2 protein chains.
Amino acid sequence: MGRENPIPVRLKEARQRAGITQKDLGIRIGMEPSSASGRMNHYEKGRHTPDIGTLQRMADELGVPLSYFFCEDEASAELVCLIGALTVEQKDALIKQLKAQQKQPD
Amino acid sequence: MGRENPIPVRLKEARQRAGITQKDLGIRIGMEPSSASGRMNHYEKGRHTPDIGTLQRMADELGVPLSYFFCEDEASAELVCLIGALTVEQKDALIKQLKAQQKQPD
DNA sequence: GTACTAAGAGGCTCTTAGCGG
DNA sequence: CCGCTAAGAGCCTCTTAGTAC
């Protein structure tokens, strides 16, 4: 099962999609330019784990929800991004749909 | 916006739904009985932040996905749980549905 | 019994100072 | 330029010991 830290895979995926370097992402979220490269590389290699504030700034910069970094498979990661773009009303409608499907698993 | 650590709210929510105490949850995921109460309380009050391995064990014990602890609103948290119960095929079908809705917003 | 907290010991991150592709 | 790493300083968690309800 997905028993490992999912941050490295998700971070690399979202950063490359944004088309920026490790150092540049670090600088954009307010890290010291002298340490941004090393810090971001530690996170992406899974050597160190960022705190939640840092993760939130990365999420904002990369246009993904915070929970994206903790999704353990590709499909869930994509769904979390799609859900993040919905309004509250749309989310509630989707909840009802999925609950109905649960009861009638046709 | 949800600019704070979402873990305390989500953890309390899921733990109370499971109907167990802070200490008991800690013991069930393998903490020392002597420190389980203090540790779990720190997490639920947002004083300390658990590492990812500890979060994964909590998620397993409480029957939620790891990403649940990082959802910043109730609707997203519920959706992440519902999605966690889907098969890969069902997730892919839902991705297609949401993408189609994105292009044709009613 | 349950939730909660202060404070010290020790483990982990941040930073510097680099190397190799 | 870009990705990556070792090693020390210092911060943050884990644990103990305990209070309040």
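Residue numbers begin at 1 in each chain, while the letters A, B, ... track the order of the sequences. A quick note: this is a predicted structure, and the numbers were derived from the prediction, not measured.
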If you check the Tyr43(B) side chain, which of dC14(D), dT16(D), dT16(C) turns out closest? dC14(D)
Ionic contact status for Glu72(A) with Arg10(A), cut-off 4.0 Å: no
N/O donor-acceptor pair under 3.5 Å between Arg28(B) side chain and Glu61(B) backbone: no
Give one of base, sugar-phosphate or nothing for Thr49(B), where a contact means two heavy atoms less than 4.0 Å apart. sugar-phosphate
Taken to the nearest whole Å, CE/Met31(B) to C1'/dT16(D) is 15 Å
To the nearest Å, give me how far apart CG (Asn41(A)) and P (dC1(D)) are. 17 Å
Pick from Val80(B), Val64(B), Leu79(B), Val9(B): which one makes a side-chain contact (heavy atoms from CB on, under 4.5 Å) with Cys71(B)? Val80(B)
Roughly, in whole Å, what's the span from CE in Met40(B) to C1' in dA3(C)? 12 Å
Please round to the nearest 0.5 Å and tell me the distance separating atom OG1 of Thr54(B) and atom CE of Met58(B). 6.0 Å
With heavy atoms under 4.0 Å as the rule, sort Thr21(A) into base, sugar-phosphate or nothing. sugar-phosphate
How close or far is atom P of dA3(C) from atom CD1 of Ile27(B), stated in whole angstroms? 12 Å
Counting only side-chain heavy atoms from C-beta out, which of dT16(C), dT5(D), dA7(C) sits nearest to His42(B)? dA7(C)
note: Leu25(B), atom CG; dT2(C), atom C1'; distance rounded to Å ~ 14 Å
Do the side-chain N and O atoms of Gln97(B) and Gln97(A) include a donor-acceptor pair separated by under 3.5 angstrom? yes
Rounded to the nearest angstrom, tell me the gap between atom NZ in Lys45(A) and atom P in dG3(D). 11 Å
Reckon Gln22(A) has a side-chain N or O less than 4.0 Å from the OP1 or OP2 of dC4(D)? yes
Base, sugar-phosphate, or nothing for Lys23(A), non-hydrogen atoms under 4.0 angstrom? nothing
Can a donor-acceptor pair under 3.5 Å be found between the side-chain atoms of His48(A) and the base atoms of dT15(C)? no
Check whether any side-chain nitrogen or oxygen of Arg15(B) sits under 4.0 Å from OP1 or OP2 of dT2(C), and answer yes or no. no
Counting any heavy atom closer than 4.0 Å, what does Ser37(A) reach on the DNA or RNA strands: base, sugar-phosphate only, or nothing? base
Once you round it to whole Å, what is the distance between P of dG8(C) and CZ of Arg47(B)? 16 Å
Distance below 4.0 Å between Ser34(B) side-chain N/O and dT15(D) OP1 or OP2: no
5' priority, DNA chain C, between Pro50(A) and Glu44(B) [closest heavy atom]: Glu44(B)
Starting the side chain at C-beta, find the nucleotide from dT15(C), dA3(C), dC4(D) nearest to Ser35(A). dT15(C)
Let me know the distance between CG of Asp24(B) and C1' of dC4(C), rounded to the nearest Å. 17 Å
Would one find a side-chain N or O of Arg39(A) under 4.0 angstrom from OP1 or OP2 of dT15(C)? yes
In the structure I gave you, are the side-chain heavy atoms of Tyr68(A) and Cys81(A) within less than 4.5 Å of one another anywhere? yes
